There are 2 protein chains.
Amino acid sequence: MKRPMHGYDVHKFLSSGLKGVWYVGMSNTYGMLKKLESDGHVSSVIEMQTNRPARRVFSITKKGTSLFEDWISKPVSNIRDLRVEFIAKLYFLKDLNLSGGERLVEGQKVVCQKILESTHLPTAERSEFNRLLSDFRTCQIRSILSWLEDCLKFLETSGNNA
Amino acid sequence: MKRPMHGYDVHKFLSSGLKGVWYVGMSNTYGMLKKLESDGHVSSVIEMQTNRPARRVFSITKKGTSLFEDWISKPVSNIRDLRVEFIAKLYFLKDLNLSGGERLVEGQKVVCQKILESTHLPTAERSEFNRLLSDFRTCQIRSILSWLEDCLKFLETSGNNA
DNA sequence: GATTTTTACTCAGCAATTGAGTATTCACTT
DNA sequence: AAGTGAATACTCAATTGCTGAGTAAAAATC
């Protein structure tokens with residue numbers, strides 16, 4: 001973010017960069033911006049234009065910046081959030097040229113590892129069916145862990161800067 | 001289902017059997033039943049009791065039965081629905097002692113395979129980052145495919161019956 | 001006989017999402 | 001030069017879903 005943007009630009013940034021990952025509707029974006037503004041994370045001014053409709057320009061506030069930095073540095077706690085939220089973090093990191101990617105991925109590995117262990121151990125593995133269900137998780141998490149290694153490789157090659 | 005049940009029983013059936021897979025709140029269950037009733041998939045009668053509060057008994061209708069049978073025989077179209085919806089199908093299949101499990105799993109394999117191919121091929125693989133994103137999918141789907149094999153083994157051993 | 005758990009349900013209210021609508025400008029065509 | 005379609009830029013009403021809080025009695029447990 002950094003620079004101020006119109007809602008429309010925010011929408012383009014999200015919907016084009018996260019195509020196939022996260023579908024964001026136009027009004028969805030504006031809804032989020034409204035929420036963010038009412039919480040004090042962004043502020044907006046109306047940009048007047050002679051004989052054109054006014055447009056609104058959004059800027060991130062100090063509060064918003066610190067929330068963002070906090071968000072982007074922390075791994076997600078649930079496996080289900082990997083596919084959208086974690087990938088969104090990577091996208092921001094890459095597109096805004098931020099550092100801390102390796103930290104994030106390493107942190108995510110730890111979180112996943114812990115979840116994997118907790119899925120594994122406390123089983124007392126009642127029925128066969130329950131084992132099948134926990135195998136699903138195990139399976140998924142292991143494949144994510146191996147993908148996170150790919151992430152690290154990606155970050156190394158694509159020269160992580162700043 | 002088959003037999004009529006109180007909303008409370010439906011809730012217990014779902015929340016106990018799908019613990020850790022799908023969290024269903026009490027009011028959530030009643031909300032769904034209300035929706036189902038207004039769509040004509042279940043019907044309910046109030047069971048009067050002398051000096052006790054009345055309870056409502058839900059039964060599945062013909063329309064509901066055919067919807068259910070249709071639902072349970074068809075694989076899910078999106079990968080993200082595997083973790084809850086597909087597993088719910090397996091749970092119903094197992095718990096109601098229905099046949100068609102192998103059919104379902106085989107069908108799901110085909111769907112996943114197709115998604116895997118479509119993720120793979122049309123790539124024109126723009127950036128490295130995009131490749132990383134599509135690797136995530138690929139990785140996930142492959143692990144699901146191997147888990148679906150486990151499902152088949154489970155169905156064979158646990159004597160699938162009429 | 002007192003407390004906790006289980007059975008059984010309702011409802012108001014909020015948040016999120018969606019679709020539909022509005023209006024202007026720019027690029028491109030014919 | 002007029003017309004068309006896509007891109008820019010946004011608003012709003014409505015529905016839907018979801019959640020928490022509340023109610024109340026019976027059964028089990030202490």
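Below, read A as the first sequence line, B as the second, and so on, with proteins coming before strands; counting in each chain starts at 1. If you're wondering where the values come from, they're calculated on a predicted model, not measured in any experiment.
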To the nearest Å, give me how far apart [atom1] ([X]) and [atom2] ([N]) are.
X: His6(B); N: dT6(C); atom1: NE2; atom2: P; value: 18 Å
X: Arg55(A); N: dC10(D); atom1: CZ; atom2: P; value: 7 Å
X: Asn28(B); N: dC9(C); atom1: CG; atom2: C1'; value: 14 Å
X: Glu47(A); N: dA9(D); atom1: CD; atom2: C1'; value: 11 Å
X: Leu33(B); N: dC18(D); atom1: CG; atom2: C1'; value: 15 Å
X: His11(A); N: dT8(D); atom1: NE2; atom2: P; value: 11 Å
X: Met5(B); N: dC9(C); atom1: CE; atom2: C1'; value: 16 Å

Check: Side chain of His11(B), backbone of Val24(B): donor and acceptor closer than 3.5 Å?
Finding: yes

Check: Taking Lys89(B) for the side chain and Trp71(B) for the main chain, is one N or O donor matched with an acceptor at less than 3.5 Å?
Finding: yes

Note to self: Aromatic contact between Phe86(B) and Phe136(A), with the criterion being ring centroids under 6.0 Å apart: yes or no?
What the structure shows: no

Check: Below 4.0 angstrom from OP1 or OP2 of dT11(D), is there any side-chain N or O of Tyr30(A)?
Finding: no

Next item on the list: Could you tell me whether the phosphate oxygens of dT8(D), OP1 or OP2, come under 4.0 Å of any side-chain nitrogen or oxygen in Tyr8(A)?
Entry: yes

Next item on the list: For Ser127(A) and Asn130(A), test the side chains for any donor-to-acceptor distance below 3.5 angstrom and give the result as yes or no.
Entry: yes

Notebook entry, point to check: Tyr30(B): which other cluster members, linking ILVMFWY side chains closer than 4.5 Å, directly or transitively?
Noted result: Tyr8(B), Met26(B)

Margin query: Can you identify which nucleotide, out of dG17(D), dT7(C), dT11(D), has its nearest atom closest to the Lys35(B) side chain?
Written below: dG17(D)

Next item on the list: Measure the spacing between NE2 of His6(A) and OG1 of Thr29(A) and express it to the nearest 0.5 Å.
Entry: 14.5 Å

Note to self: Please give me every residue in residues 20-27 of chain A whose heavy atoms get under 4.0 Å of an atom in DNA chain D, ordered by residue number.
What the structure shows: Met26(A), Ser27(A)

